[in-house]
Protein chains: 2
Amino acid sequence: MQQAVRVAVFGFGGLGKGMARLIPHRPDFKLVAVADSQGYAFDANGLDLDDNFALVQPIHSDSDSIISLLKAHAGEIDAVFMALPNLPVEFFAETVKRIADETNFEGVFVDALKRTEAVERLFALNEQLQERKILYITGAGATPGFLTTVAAIAAHSFVEVLDVNIHFGVGIANWEAYKATVREDFIHLEGFDAKRVACMSDEEISEELEVRNGLLKLVDMEHADDIILELAGVCPRDRVRVGGLVDTRNAKKPVNTTVTVTGRTVSGAVGSHQFVVSDEATMVDNVCGPALGFMLRGTELYERGFYGLITSADIMPRFSSRVFSGGEVSRMQEAALSV
Amino acid sequence: MQQAVRVAVFGFGGLGKGMARLIPHRPDFKLVAVADSQGYAFDANGLDLDDNFALVQPIHSDSDSIISLLKAHAGEIDAVFMALPNLPVEFFAETVKRIADETNFEGVFVDALKRTEAVERLFALNEQLQERKILYITGAGATPGFLTTVAAIAAHSFVEVLDVNIHFGVGIANWEAYKATVREDFIHLEGFDAKRVACMSDEEISEELEVRNGLLKLVDMEHADDIILELAGVCPRDRVRVGGLVDTRNAKKPVNTTVTVTGRTVSGAVGSHQFVVSDEATMVDNVCGPALGFMLRGTELYERGFYGLITSADIMPRFSSRVFSGGEVSRMQEAALSV
């Protein structure tokens, strides 16, 4: 990577701000734009953030900020992080279609979406994305994303995968800092759906949290890990289960986050690999870091002419383009030279 | 994947036979050739194996079997698995160079090599491999391979990776079934090296095992996980530690196999992710399954024009090209159409 990847972040809630906080630690990237429902900010030299990761730059007020940003600055943005966890399932596909139809943006997208249907809708755009030279990597956050890809690797010890169980613990000291994420979780509770949650005021959310002592127990969530593992040939989607426990009043996770992959080996034995996520790594750490890894690898593939719609389980995230020791090194980019 | 990948296995000891046993469970592959120090066997329709996974086909006796096989059948082989764990570090690079110089083989290699120096020597061949339309994926077994790539993903929650500790337990009911693997392990014991082990008779190996009650405690092994994670930008190689305990008299693993990735998050917290490998998955399961996954993905990339030398941490293994449910699907191959 010769130059830093110029990143735009769509959505500037908890996840978007987390990404803004992370990018200065990752020299492969430069944050040049953010857009949310209020408007957008752009600076080709990199956005300035204050100590609380709030924008210093003025925001161009705009009710259609994503499209307006890309109409104005498409050529100055290499990659987009869609940090929009709580939106109707149509939103991602509709927004991406509008970007393809109405702007000249060419580059890489990664998203941190959650729901299976949102991924399914994106797949319908594959051909248009190919024609428009856009590489869209879906399910590139924590789950789906980080944990899904660990499961996709773990599958390989087995000849048949019987069960993939992703069970997360999330601790949030103050739910108001991650409103969109908590609202998205509400959609998966008994008796709630996206429309109902969208109509709830923050006070109503608070009251529901009060009833539950701040704990949200999520079972059999519609999570796109299922379709991503199915597309990767790992197992039928109904063998993938996602659930968890969210504590909206304590930063400490109420339970370990785990991924358990159970399968049958060639000798007929049934066993399970288990990945246990560090309690010290927050939800935002586990979303934003992997998203940058998929973005960096996606940029390599983009330069090789990969366009269209792929999932996180199609590519290996790349941590850094830095080479620690000297010596001759072949990276995927260099292996590309003969093309 | 329209047609099965036609696979040749070089080395027909424990790992090679394990691969021959696995391939019938993986419909993306067909085993068409094996080669070892005795000679080679080839059948374009697939090799026949008896119930003990011994070859039914006659072996062409040949002291230079790999080169002879590829001179005779290069155009009928898509991919090669190098199941040769216990050979001098020069062997892989020298053999691959001879294949590039002396045969017309074009396709994909995956190896299950272990030592860092063996990988370093391969990198010198990158340009020649590119010119010769060969994609070589090194470190594509269990460790390096499976466990290295899990670590490469796990790194992403952190802004700095402080330590990667791969600690394996291996249980082998009868060491004589995996002579090459056990001999490779001996190289990593105090007071032994490759030359000394190569000169030891099986009886001498047995005697050394007797002294140790069949247990081999391996510490600070020279394992290519270090260079692979360094090349992936995860951390300097001296932060990667590989060790383990091998019981050569019991199929049951003496300890769990684990990968522990310790890092510092953006907020300054230090934590560890840990991956625990199922005791039911044998060393051969953990080598051969991932090797096929890297091979399948490598074949996709090969068709896209990726040639040269890459590592397992550059690509995501693919479990199967099977699509479980109907519906429109974009896979990497299809995303490729616009190129």
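This one's a predicted model, so the numbers in the text were calculated from it and none came from an experiment.
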Quick check for you: among [options], which has the greatest number of heavy-atom pairs under 4.5 Å with chain A?
options	answer
B:Pro317, B:Gly293, B:Ala152	B:Pro317
B:Gly271, B:Ala281, B:Cys288, B:Ser278	B:Ser278
B:Asp285, B:Asn286, B:Leu147	B:Asp285

>> Using a 3.5 Å distance criterion without hydrogens, assess whether the side chain of B:Arg121 forms a donor-acceptor pair with backbone atoms of B:Ala93.
In response: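 Checked: no pair found.
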> For the side chain of B:Arg264 and the backbone of B:Val161, is there at least one donor-acceptor N/O pair under 3.5 Å apart?
Replying inline: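 Side chain of B:Arg264 to backbone of B:Val161, a donor-acceptor pair under 3.5 Å: no, none is there.
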Counting heavy-atom pairs under 4.5 Å with chain B, which one of [options] comes out on top?
options	answer
A:Ala313, A:Ala269, A:Gly263, A:Ala291	A:Ala313
A:Ala142, A:Gly18, A:Pro290, A:Ser312	A:Pro290
A:Thr149, A:Leu129, A:Asp279	A:Thr149

Measuring heavy-atom distances to chain A, does [X] have an atom under 4.5 Å in its side chain, in its backbone, in both, or in neither?
X	result
B:Val284	neither
B:Arg21	both
B:Ser272	backbone
B:Ser267	both
B:Ala154	both

Do [X] and [Y] have side-chain N/O donor and acceptor atoms under 3.5 Å apart?
X	Y	result
A:Thr148	A:Asp225	yes
A:His273	A:Ser157	yes
B:Tyr136	B:Asn126	no

>> So for A:Val270, is it side chain, backbone, both, or neither that comes closer than 4.5 Å to the heavy atoms of chain B?
In response: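 For A:Val270, the contact with chain B is made by the backbone alone.
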> Is the number of heavy atoms from other residues, nucleotides or ligands under 6.0 Å of B:Gln128 CD greater than 12?
Replying inline: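 Yes, because the 6.0 Å sphere around CD of B:Gln128 holds more than 12 heavy atoms from other groups.
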> Just checking, A:Arg132 and A:Tyr307: is the charged tip under 6.0 Å from the six-membered ring centre and within 45° of the axis?
Replying inline: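 No, A:Arg132 does not lie over the aromatic ring of A:Tyr307.
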>> Checking side chain to side chain contact (heavy atoms under 4.5 Å, CB included) between A:Phe29 and each of A:Leu22, A:Val5, A:Thr299, which is the one that passes?
In response: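 By the side chain to side chain contact (heavy atoms under 4.5 Å, CB included) criterion, A:Phe29 pairs with just one of A:Leu22, A:Val5, A:Thr299: A:Val5.
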